[in-house]
There are 2 protein chains.
Amino acid sequence: MDWSALPPMTALRALAAYADTGSMTAAGARLNVSHAAISQQIKGLEDRMGLSLIDRARGKGGLTPEGHALAETTLDAFANIAMLSAELTGRDAERPIQVSTTPTFASSWLMPRLAGFRQKHPELSLMVDPTPELREIKPGGLDMAVRYGSGNWPGLEADLIVESTIAIVASPDLVGTGDFESPGDLTQFHWLQELGTSEASEFLSRYGAVLNTAKGLTSLPGNLLLEAARAGQGIGVAARAFIQPDVDSGRLRILFEDTRNDGYYLVYRPGVMRPSARALYRWIKSETEAEFG
Amino acid sequence: MDWSALPPMTALRALAAYADTGSMTAAGARLNVSHAAISQQIKGLEDRMGLSLIDRARGKGGLTPEGHALAETTLDAFANIAMLSAELTGRDAERPIQVSTTPTFASSWLMPRLAGFRQKHPELSLMVDPTPELREIKPGGLDMAVRYGSGNWPGLEADLIVESTIAIVASPDLVGTGDFESPGDLTQFHWLQELGTSEASEFLSRYGAVLNTAKGLTSLPGNLLLEAARAGQGIGVAARAFIQPDVDSGRLRILFEDTRNDGYYLVYRPGVMRPSARALYRWIKSETEAEFG
DNA sequence: TTTGCGATGTAAGTTGAGGTTACATATTGG
DNA sequence: CCAATATGTAACCTCAACTTACATCGCAAA
């Protein structure tokens with residue numbers, strides 16, 4: 001790392017503020033300095049780098065592509081630092097814990113038990129975001145996420161909390177009690193597909209190549225899929241761990257089971273976790289250990 | 001963005017240099033300041049944040065977890081800025097263009113045509129890195145990458161350059177000329193698996209669940225897979241686009257073809273691209289357009 | 001066209017953050 | 001126990017980054 005290549009931070013800050021506000025005067029106000037300071041800083045930066053950063057021809061607020069790129073990168077870099085430092089100093093203690101989970105995990109596991117966490121930590125507030133895709137986990141944003149997979153998320157820590165294969169299930173009312181040779185034999189039935197979540201979608205999208213002669217396919221959110229399968233409306237693909245009650249009671253049969261033993265992981269950034277998030281982390285770990293471990 | 005929450009940059013720089021070198025004296029030397037300056041900056045930062053960043057109990061170079069986290073984030077943030085600014089000022093004009101591609105694309109498409117690029121731009125130097133995993137594309141590192149997928153890489157631009165499905169292929173000498181109902185019917189043959197690259201590995205890892213009763217499976221790099229398949233050593237999984245010659249000449253038969261129409265994408269960061277990289281970008285686009293588009 | 005106003009550029013002077021030097025105070029290995 | 005080496009602290013210094021003041025520009029209303 002060549003520190004001497006770094007432009008002065010004050011100048012970058014001025015540029016970022018200018019990009020953000022669209023005017024020197026406003027940028028000055030934002031940073032609690034005069035407009036002249038902004039003007040001088042930006043000019044100094046342009047001199048130093050030997051290229052123009054703001055586009056003086058157009059109406060106000062114009063940046064050249066280079067200026068825009070530099071402002072973006074700067075803003076991003078500074079924001080990361082600001083968020084982390086807010087976390088470390090505890091200035092964000094009251095900010096809600098933010099967790100993203102797959103819809104299935106949220107409805108099948110988390111929601112039923114949330115009251116227990118609330119009771120244990122009444123002072124903490126929590127935001128649960130059940131979305132298919134994993135968004136970025138970073139200081140100031142998501143604290144952690146629950147994802148289905150093999151535990152390999154580059155740059156992130158991942159603790160296995162619930163081991164579970166993927167199972168192909170159906171109501172006995174639909175498929176009877178006989179055996180099937182391969183998933184291909186099930187093409188005579190209607191299929192239920194989960195809307196793009198990590199548990200089943202890849203599995204299905206691959207089998208889809210084989211099953212595309214099927215009798216049709218309904219896509220619906222994960223929490224409704226099991227209900228539909230129980231009602232005999234089709235063949236469903238679901239995480240094994242959350243259908244045991246249905247199997248025990250005979251409402252669902254497991255027709256095939258993936259041999260790969262993936263599972264639900266608690267995913268988070270390496271390093272220090274803020275206290276409120278750590279409380280949730282410990283609670284999820286102990287609850288799942290008590291239940292599955 | 002709350003600018004007032006930002007710690008002073010000089011203090012962060014001092015901390016990062018300390019983390020990097022493991023000593024105040026060395027950090028001072030690195031930044032061309034005295035050791036006392038480092039000491040004062042770090043102490044000031046600790047005061048301001050209200051927590052200790054360096055671990056004075058242990059042997060030298062010790063950072064607390066908080067200090068470590070802050071130093072990491074700072075280093076990353078500064079490095080991004082430094083790299084971008086080097087690009088913008090053209091100070092890295094002579095640095096080689098760095099491209100990462102999948103092994104298959106590198107051996108089947110890029111390598112045979114590289115001489116053409118060298119001839120057109122003799123002054124540019126190029127580093128091709130054929131690796132399965134997509135590493136981070138950022139200023140100062142990778143300029144662009146060629147990946148197989150559906151074109152959805154969050155935060156990155158991706159231009160489709162070669163459309164291609166995934167095909168299951170084999171030599172007629174091995175499987176004869178008859179038809180097969182489903183991939184499951186091929187379990188009687190030996191399979192050739194590509195070593196964890198994006199083209200075929202996910203496809204295969206899913207079918208693996210069905211095919212795990214197979215007669216065995218050989219894993220080998222992508223460029224050798226086709227040779228082995230031609231020689232009748234097993235069933236192979238490969239990108240459709242690069243086996244046309246083999247199909248035409250009768251060396252390989254296509255047994256199944258994925259219905260999903262993914263392809264090879266040229267992946268890069270949004271924003272300005274440095275001139276040398278832009279030259280390669282344009283060359284790849286025009287070559288692939290002439291050939292496939 | 002003139003007038004007025006808001007934004008930006010430039011010059012000159014001021015100030016405190018960030019440096020220095022100097023010295024005191026650990027810590028370590030021979 | 002004594003160099004030798006690293007870190008903490010104090011007192012002072014200096015210039016980068018600011019301010020204020022004024023010139024300039026573009027534009028819209030009179």
Side-chain angles (χ1 to χ4, degrees), chain A residues 3-64 67-68 70-71 74 78 81 85, chain B residues 3-64 67-68 70-71 74 78 81 85:
Chain A
W3 294 101
S4 60
L6 270 180
M9 291 296 152
T10 43
L12 291 174
R13 189 177 45 183
L15 179 69
Y18 177 77
D20 204 19
T21 60
S23 117
M24 300 224 167
T25 313
R30 177 76 64 90
L31 301 183
N32 292 317
V33 295
S34 65
H35 73 95
I38 304 291
S39 174
Q40 287 171 356
Q41 289 295 342
I42 293 183
K43 171 161 269 294
L45 192 57
E46 286 180 313
D47 283 356
R48 186 199 153 97
M49 302 191 70
L51 43 84
S52 53
L53 300 168
I54 76 181
D55 189 349
R56 286 150 227 270
R58 317 185 154 277
K60 44 193 159 189
L63 285 162
T64 64
H68 187 71
L70 192 54
T74 301
F78 284 10
I81 292 173
S85 104
Chain B
W3 295 100
S4 61
L6 270 180
M9 290 297 153
T10 45
L12 291 174
R13 189 177 46 184
L15 179 70
Y18 177 78
D20 203 19
T21 59
S23 118
M24 299 219 168
T25 313
R30 177 75 65 89
L31 301 183
N32 293 315
V33 296
S34 63
H35 73 95
I38 303 290
S39 175
Q40 288 171 359
Q41 289 294 345
I42 293 183
K43 171 160 269 297
L45 192 56
E46 286 180 313
D47 283 356
R48 186 198 153 98
M49 302 191 69
L51 44 84
S52 53
L53 299 169
I54 76 181
D55 188 348
R56 285 149 227 269
R58 316 186 154 277
K60 42 193 161 189
L63 285 162
T64 63
H68 187 73
L70 193 54
T74 301
F78 284 10
I81 293 173
S85 105

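Scope of the values below: all heavy atoms of this structure, side chains included, with no hydrogens, waters or symmetry mates. Model, not experiment: these values are computed from the prediction.
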| request: Return the nearest nucleotide to the side chain of A:A37; candidates are D:dG8, C:dT20, D:dT19. | output: D:dT19
| said: OP1 or OP2 of C:dT10 versus the side-chain N and O atoms of A:K43: is any pair under 4.0 Å? | reply: yes
| message | Rounded to whole Å, please give me the gap between CG in B:D47 and P in D:dT9. | response | 10 Å
| Has B:S23 got a side-chain N or O lying under 4.0 Å from the OP1 or OP2 atom of D:dA6? | no
| said: If I take atom CG in residue B:L45 and atom P in nucleotide C:dA17, what distance separates them, rounded to the nearest angstrom? | reply: 15 Å
| task | Starting at atom CG of B:L31, determine the distance to atom C1' of C:dG18, rounded to an integer number of angstrom. | result | 13 Å
| task | Answer whether the closest heavy-atom distance between the side chains of A:L70 and A:L45 falls below 4.5 Å. | result | yes
| task | Round to the nearest Å and state the distance from A:L15 atom CG to C:dT8 atom P. | result | 14 Å
| said: So does B:P8 get a backbone contact from the side chain of B:Q41, meaning a donor-acceptor N/O pair under 3.5 Å? | reply: no
| Hey, is the side chain of A:S39 poking within less than 4.0 Å of OP1 or OP2 on C:dT8, counting only N and O atoms? | no
| query | Picking from C:dA22, D:dT19, C:dG19, which would you name as closest to the side chain of A:A36? | reply | D:dT19
| request: Could you check how far CE of B:M9 sits from C1' of D:dA17, rounded to whole Å? | output: 15 Å
| query | Between A:Q41 and D:dC18, is there a side-chain N or O to OP1/OP2 distance below 4.0 Å? | reply | yes
| Expressed in angstrom and rounded to an integer, what is the separation of B:R48 atom CZ from C:dG18 atom C1'? | 15 Å
| field | N or O in side chain of B:S34 less than 4.0 angstrom from C:dG19 OP1/OP2 | value | no
| request: Evaluate side-chain contact (heavy atoms from CB on, under 4.5 Å) for A:L15 paired with A:L63, printing each intermediate quantity in order. | output: CA-CA 10 Å; A:L15 179 69; A:L63 285 162; 4.0 Å; yes
| message | Suppose we call a contact any N or O donor and acceptor under 3.5 Å apart; does that hold for the side chain of B:Q40 and the base of C:dT20? | response | yes
| A:T21 side-chain N/O to A:A17 backbone N/O, donor-acceptor pair under 3.5 Å | yes
| note | Given the options B:T25, B:L31, B:I42, B:Y18 meets side chain to side chain contact (heavy atoms under 4.5 Å, CB included) only with B:I42
| To the nearest angstrom, how far is A:I42 atom CD1 from D:dA16 atom P? | 19 Å
| N or O in side chain of A:T10 less than 4.0 angstrom from D:dA17 OP1/OP2 | yes
| B:R13 vs C:dG19: side-chain N/O to OP1/OP2 distance below 4.0 Å | yes
| field | Under 4.0 angstrom between B:T25 side-chain N/O and D:dT5 OP1 or OP2 | value | no
| Please give, in whole Å, the distance from D:dA4 P to B:H35 NE2? | 18 Å
